[in-house]
Q: 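Just passing along the structure, written as structure tokens.
The basis for the numbers below is simple: all heavy atoms, side chains too, and nothing from hydrogens, waters or symmetry mates.
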There are 2 protein chains.
Amino acid sequence: MKISTKGRYGLRSMIDLAINSSGNTPVFISDIAKRQHLSEKYLEHIFGALHKAGLVRSIRGRKGGYLLQKNPEEITLSEIITALEGKISLVECVLDPDICPSAKKCVTRDLWQGLSDKINEYLSSHTLNDLIQMQKSREQNDTLMYYI
Amino acid sequence: MKISTKGRYGLRSMIDLAINSSGNTPVFISDIAKRQHLSEKYLEHIFGALHKAGLVRSIRGRKGGYLLQKNPEEITLSEIITALEGKISLVECVLDPDICPSAKKCVTRDLWQGLSDKINEYLSSHTLNDLIQMQKSREQNDTLMYYI
DNA sequence: TATTATTTCTATCAAATTAATAGGAAATAA
DNA sequence: TTATTTCCTATTAATTTGATAGAAATAATA
């Protein structure tokens with residue numbers, strides 16, 4: 001029961017993108033990769049998925065790059081993780097009961113269903129903006145420390 | 001973010017074991033495997049892990065088999081899943097911050113920490129007995145239907 | 001218009017993890 | 001002594017994850 005690197009890297013990159021884009025100037029994948037210590041090529045895949053899910057806007061060509069498609073407070077963490085790891089369900093039968101003949105009467109399925117719901121609830125109740133604000137206040141605290 | 005077959009099969013087998021053991025008579029792995037449509041050999045491994053975690057008692061030799069080590073209401077689902085999948089944490093750095101140099105200031109780590117806690121909370125608040133009771137009442141309802 | 005810098009797309013490879021099988025040793029009751 | 005069961009150790013198979021390579025598309029720039 002782990003979040004894959006796609007989900008982890010993607011979430012960090014979305015925060016990075018939000019913090020480092022000023023106005024309508026797109027951010028290069030290569031810059032995000034450098035700052036986050038990630039492979040540029042792998043990050044391309046990740047942004048492909050984010051783009052497909054409508055979370056980022058791409059500008060092709062020279063001086064192109066990526067921008068957030070929506071405001072950070074309108075992007076839930078559930079959207080980001082779903083874009084990168086697929087729908088959140090701890091077992092297949094939660095989404096698709098037909099794959100198992102005993103799904104209807106299976107008590108463990110109900111359990112996994114309930115837990116999957118909790119996870120969804122948690123990730124839906126937090127937005128990208130929450131993480132950005134946390135990050136910013138953390139950075140500010142670091143800076144402030146030099147003045148004390 | 002999925003529960004592995006070990007966790008899924010193991011949980012179902014624990015319910016099966018609890019329901020099908022009468023008194024101190026141990027239950028054969030081969031019988032559980034048949035009822036749950038699982039490979040006998042694979043199930044041996046799963047019971048090895050459950051045994052190691054102190055959740056089941058084994059009796060070796062002819063007419064041997066397995067018994068629950070504790071009462072079903074004393075076995076949390078968290079214990080079962082942890083025995084089969086290891087400690088519940090969505091990312092490694094939640095359990096071991098030293099593996100990442102930026103763990104201390106990482107906001108996504110805090111997020112995964114929070115979600116892992118929720119999952120643990122959920123699984124700790126349900127016991128094997130809860131599932132057994134659900135299962136039994138479900139079976140009874142099926143039977144009752146014949147009399148209507 | 002030609003060139004260059006950049007993203008996007010597709011195909012593929014490598015590594016790691018998970019799932020399952022196999023064979024036989026050890027234990028024990030009949 | 002035999003049949004039955006758990007236990008132990010390898011090995012193989014399958015799946016998922018992580019990463020790479022290069023061609024195609026596109027927009028800025030010279």
Q: What's the shortest heavy-atom distance between E85(B) and I3(B), and which atoms?
A: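 Closest heavy-atom pair between E85(B) and I3(B): OE2-CG2, 3.4 Å.
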Q: Is it true that a side-chain atom of K2(B) and a backbone atom of S89(A) form a donor plus acceptor pair closer than 3.5 Å?
A: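 Between the backbone of S89(A) and the side chain of K2(B) there is a qualifying donor-acceptor contact (under 3.5 Å).
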Q: Given atom CZ of F28(A) and atom P of dT7(C), what is their separation to the nearest angstrom?
A: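 So the two atoms are 6 Å apart, to the nearest Å.
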Q: Measure CD1/I46(B) against P/dT21(C) and give the value in whole Å, please.
A: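 It works out to 11 Å between those atoms.
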Q: Using every non-hydrogen atom in the two residues, find where I15(A) and Q135(A) come nearest and quote the distance to one decimal.
A: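 Answer, listing the atom of I15(A) first, then Q135(A): CG2-OE1, 4.3 Å.
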Q: Work out which heavy atom in A49(A) is nearest to a heavy atom in A83(A); give both atom names and the distance.
A: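 The answer is CB-O, 3.8 Å.
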Q: Side chain of H126(A), backbone of Y122(A): donor and acceptor closer than 3.5 Å?
A: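 Between the backbone of Y122(A) and the side chain of H126(A) there is a qualifying donor-acceptor contact (under 3.5 Å).
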Q: Go ahead and name the base partner of dA30(C); Watson-Crick or wobble counts if both distances stay under 3.5 Å, otherwise write none.
A: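 Paired with dA30(C), as far as the under-3.5 Å criterion goes, is dT1(D).
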Q: Would you confirm whether T76(A), through its side chain, and E79(A), through its main-chain N or O, come within 3.5 Å as a donor-acceptor pair?
A: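 A pair under 3.5 Å: yes.
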Q: Between S125(A) and D130(A), what is the shortest heavy-atom contact and its length?
A: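 Scanning both residues completely, I find the closest heavy atoms to be O-OD2, 4.1 Å.
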Q: Which parts of nucleotides 13-21 of chain D does protein reach within less than 4.0 Å, heavy atoms only, written one letter per nucleotide 5' to 3' as B for base, S for sugar-phosphate only and - for none?
A: -----SBBB
Q: Could you check which residues of residues 50-62 of chain B get a heavy atom under 4.0 Å from DNA chain C? Sort them by number, please.
A: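 Output list: R60(B), G61(B), R62(B).
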Q: Looking at K63(A), I'd like to know whether one of its side-chain N or O atoms comes within less than 4.0 Å of OP1 or OP2 on dT29(D).
A: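 Answer is yes, contact under 4.0 Å.
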Q: Hey, what do you get for OG (S102(A)) to NE2 (H37(B)), rounding to the nearest 0.5 Å?
A: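 Answer rounded to 0.5 Å: 7.5 Å.
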